[in-house]
Chemist: 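For reference, the structure I am asking about is given below.
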Amino acid sequence: MKKIYLDFPNPDSHYNIFLGKAILEKFEQTFKLYQYSKVGVLIDANLFKFVESNLANYFGTNFVSIIVPSGEQHKNLDTAQKIWLKLLQQEFDRDSILINFGGGVVTDLGGFVASTFMRGLKFINIPTSLLAQVDASVGGKTGVDLQGYKNLIGTFSQPYGVVLDTQIMATMPDRSFTSGLSEVLKHGLIADADYFQKIARFLELQKACTLKKEVAVLEQIVEGSVRIKSEIVRQDQKESGIRKILNFGHTIGHAVETFSFFTPDPLMHGEAISLGILGEAKISQLMGKISSKDFDTIKKVIAISNLPTKYDFEKSKVLEIMSKDKKKSGKTVKWTLLEKIGEAIYDQEVLPAIIHQGLVEIKT
Ligand SMILES: NC(=O)c1ccc[n+]([C@@H]2O[C@H](COP(=O)([O-])OP(=O)(O)OC[C@H]3O[C@@H](n4cnc5c(N)ncnc54)[C@H](O)[C@@H]3O)[C@@H](O)[C@H]2O)c1
Ligand SMILES: [Zn+2]
């Protein structure tokens, strides 16, 4: 088991990330669960089916399970209120702890509930999807959606600890696992060319979705991404500067994702982000930053990952959604672009004709 210590500047926000294969089996002793007045385990109904028989093995027998329906549509205040009421009814107090066991929906929702209940309950995150392990595990963002606006209500609150068990991802659906790889590629593209090349080599050797069972490879992927993201977040916890580079691929990506919600087959977040990465890499090239060779490499790696490189969308609608992007400052959208593979810059302005070219690159 590896231990990665996140030493954020604020002393209240230090925590350990434990990483390894089958480490959930040591969870109860690692976190000495007996010392808490109450232990809650928040989990969604879908994951519950896969792990029900192991819960006692991970958390002992003295815990309260809180089961919520699965899916982004339940990441809202209504579900949060049900959890608060359950904590109240079960007499949780400030010596209690909440364990958020699931994908990013459960860790965002549970982190929000815990950070607001009685002005803050300790919580531990056990992210179980690739996206949640490589992205939601670091950064302290918690929250719920409000009337379809993503993550509008939330807090910055660091967990007491995070457990990344590489074995838990084996049961993920293939599409969902593959989708998480786009955030992994993004981490390499914005901050670490060697890491990007290493992931590219894994993907050349093996079909993307089969990696979900390769615990040794997963350990390298998860560790690499966690180290990159935590180094960025350490420098800028509240996203006023360098942290914006994590938004690479997300200006076009979010707009295409929102567009797809109104179609019969919505994109998964990571699928939209792979399109965003490609569109924004094209913009970076047209702005005289990355070379056409780098652009071709990025496109090739996305294609071998089995992530989409083209999508059928209405350009005018996507442009309209983009203009409402929450990262907009003043009247113009500010972009994160690539200087080269492994280096990004933020707060860039881009002319409409170049944005158009970026969208043309990914449109079928
Ligand atoms: N806080 C952050 O920094 C941050 C970063 C990235 C994403 N997010 C949030 O994460 C959410 C998306 O996360 P997600 O993709 O994990 O979605 P999710 O939590 O909805 O999980 C997707 C589905 O996969 C299932 N699942 C999860 N792990 C599984 C496993 N090991 N085996 C079988 N099934 C499994 C879940 O039950 C669910 O049905 C979004 O709400 C997003 O806003 C937050
Ligand atoms: Zn993302």
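Note that the numbering runs from 1 along the sequence shown for the chain. Whatever order the structure lists them in is the order used to number ligands and atoms, beginning at 1.
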Chemist: List the closest protein heavy-atom neighbour of atom 16 (O) of ligand 1: residue, atom name, distance to the nearest 0.1 Å.
Modeler: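 Looking only at protein heavy atoms, the one closest to atom 16 (O) of ligand 1 is Ser129 OG, 2.5 Å.
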
Chemist: Looking at atom 28 (N) of ligand 1, what's its closest protein heavy atom, distance included?
Modeler: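 Ranking protein heavy atoms by distance from atom 28 (N) of ligand 1, first comes Thr128 OG1, 2.8 Å.
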
Chemist: Would the Phe117 and Phe92 ring centres measure less than 6.0 Å apart?
Modeler: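 Ring centres of Phe92 and Phe117 not closer than 6.0 Å.
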
Chemist: Quick one: pull up NZ in Lys317 and CZ in Phe313 and give me the separation to the nearest 0.5 Å.
Modeler: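 Lys317 atom NZ to Phe313 atom CZ measures 13.0 Å (nearest 0.5 Å).
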
Chemist: Who gets closest to atom 9 (C) of ligand 1 by heavy atom: Val106, Asn125, Asp108?
Modeler: Asp108

Chemist: What distance separates Thr107 OG1 from Gln133 CD, expressed to the nearest 0.5 Å?
Modeler: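 Answer rounded to 0.5 Å: 10.5 Å.
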
Chemist: Run the numbers for me: atoms of ligand 1, each under 4.0 Å from some heavy atom of Ser70, listed by number.
Modeler: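 In order of numbering, the contacting atoms are 39 (O).
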
Chemist: In the protein, which heavy atom is nearest to atom 2 (C) of ligand 1, and how far is it?
Modeler: Ala136 CA, 3.6 Å

Chemist: So, is the end of the Lys122 side chain (NZ or CZ) under 6.0 Å from the ring centre of Tyr160 and within 45° of the ring's axis?
Modeler: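 Pair Lys122/Tyr160 counts as cation-pi.
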
Chemist: Among all the protein's heavy atoms, is there at least one whose distance to atom 5 (C) of ligand 1 comes out below 4.0 Å?
Modeler: yes

Chemist: Where is the nearest protein heavy atom to atom 18 (P) of ligand 1: which residue, which atom, and how far?
Modeler: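 Nearest protein contact, heavy atoms only, for atom 18 (P) of ligand 1 is Val105 CG2, 3.8 Å.
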
Chemist: To check your reading of the model: name the closest protein heavy atom to atom 33 (C) of ligand 1, its residue, and the distance in Å.
Modeler: Thr171 O, 3.3 Å

Chemist: Got the closest protein heavy atom to atom 34 (N) of ligand 1, with its distance?
Modeler: Asn46 ND2, 3.8 Å

Chemist: Do the charged groups of Asp93 and Lys38 touch, with an N to O distance under 4.0 Å?
Modeler: no

Chemist: Under 4.0 Å from a heavy atom of Gly103: which atoms of ligand 1 are those, numbered in the order shown and with their elements?
Modeler: 16 (O), 19 (O)

Chemist: Name the orientation class of the two ring planes belonging to Trp84 and Phe112 (parallel below 30°, tilted from 30 to 60°, perpendicular beyond 60°).
Modeler: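 If you compare the ring of Trp84 with that of Phe112, the planes turn out tilted.
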
Chemist: Nearest 0.5 angstrom please: Ser230 OG to Tyr5 OH, how far?
Modeler: 12.5 Å

Chemist: Between Lys363 and Tyr311, is NZ or CZ placed under 6.0 angstrom from the six-membered ring centre and within 45° of the ring axis?
Modeler: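 No.
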
Chemist: Within ligand 1, which atoms have a heavy atom of Lys75 less than 4.0 Å away?
Modeler: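 Counting atoms of ligand 1 from 1, those under 4.0 Å from Lys75 are 40 (C), 41 (O), 42 (C), 43 (O).
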
Chemist: Who gets closest to atom 41 (O) of ligand 1 by heavy atom: Gln73, Glu72, Met169, Lys141?
Modeler: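 Looking at heavy atoms only, the winner is Glu72.
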
Chemist: For atom 36 (C) of ligand 1, what's the nearest protein heavy atom and its distance?
Modeler: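 For this ligand atom, the closest protein heavy atom is Asp44 OD2, 3.4 Å.
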
Chemist: Is the shortest distance from atom 30 (C) of ligand 1 to a protein heavy atom below 4.0 Å?
Modeler: yes

Chemist: Ligand 1 and Ser176, any nitrogen or oxygen pair closer than 3.5 angstrom?
Modeler: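 No, Ser176 has no N/O under 3.5 Å of an N/O on ligand 1.
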
Chemist: If you count the atoms of ligand 1 from 1 in the order shown, which ones are under 4.0 Å from a heavy atom of Asn151?
Modeler: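 Listed by number with element, the hits are 43 (O).
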
Chemist: Could you find the nearest protein heavy atom to atom 13 (O) of ligand 1 and give me its residue, atom name and distance?
Modeler: Gly104 N, 3.2 Å

Chemist: What do you get for the angle at the Zn ion (ligand 2) between OE2 on Glu183 and NE2 on His269, to the nearest 10 degrees?
Modeler: 90°

Chemist: Is there a salt bridge (Lys or Arg N to Asp or Glu O under 4.0 Å) between Asp108 and Lys141? Walk through the geometry before answering.
Modeler: CA-CA 7 Å; Asp108 274 12; Lys141 287 186 181 174; over 6 Å; no

Chemist: What is the distance from atom NZ of Lys21 to atom CG of Asp165, rounded to the nearest 0.5 Å?
Modeler: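 Those atoms lie 9.5 Å apart.
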
Chemist: Counting heavy atoms only, which of Glu183, Lys229, Lys150, Met172 comes nearest to atom 43 (O) of ligand 1?
Modeler: Lys150

Chemist: Do the side chains of Glu271 and Arg175 get close enough for a salt bridge, i.e. N-O under 4.0 angstrom?
Modeler: yes

Chemist: Looking only at heavy atoms, which two atoms of Val68 and Leu109 are closest? And how far apart?
Modeler: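 So the two residues come closest at CG2-CD2, 4.4 Å.
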
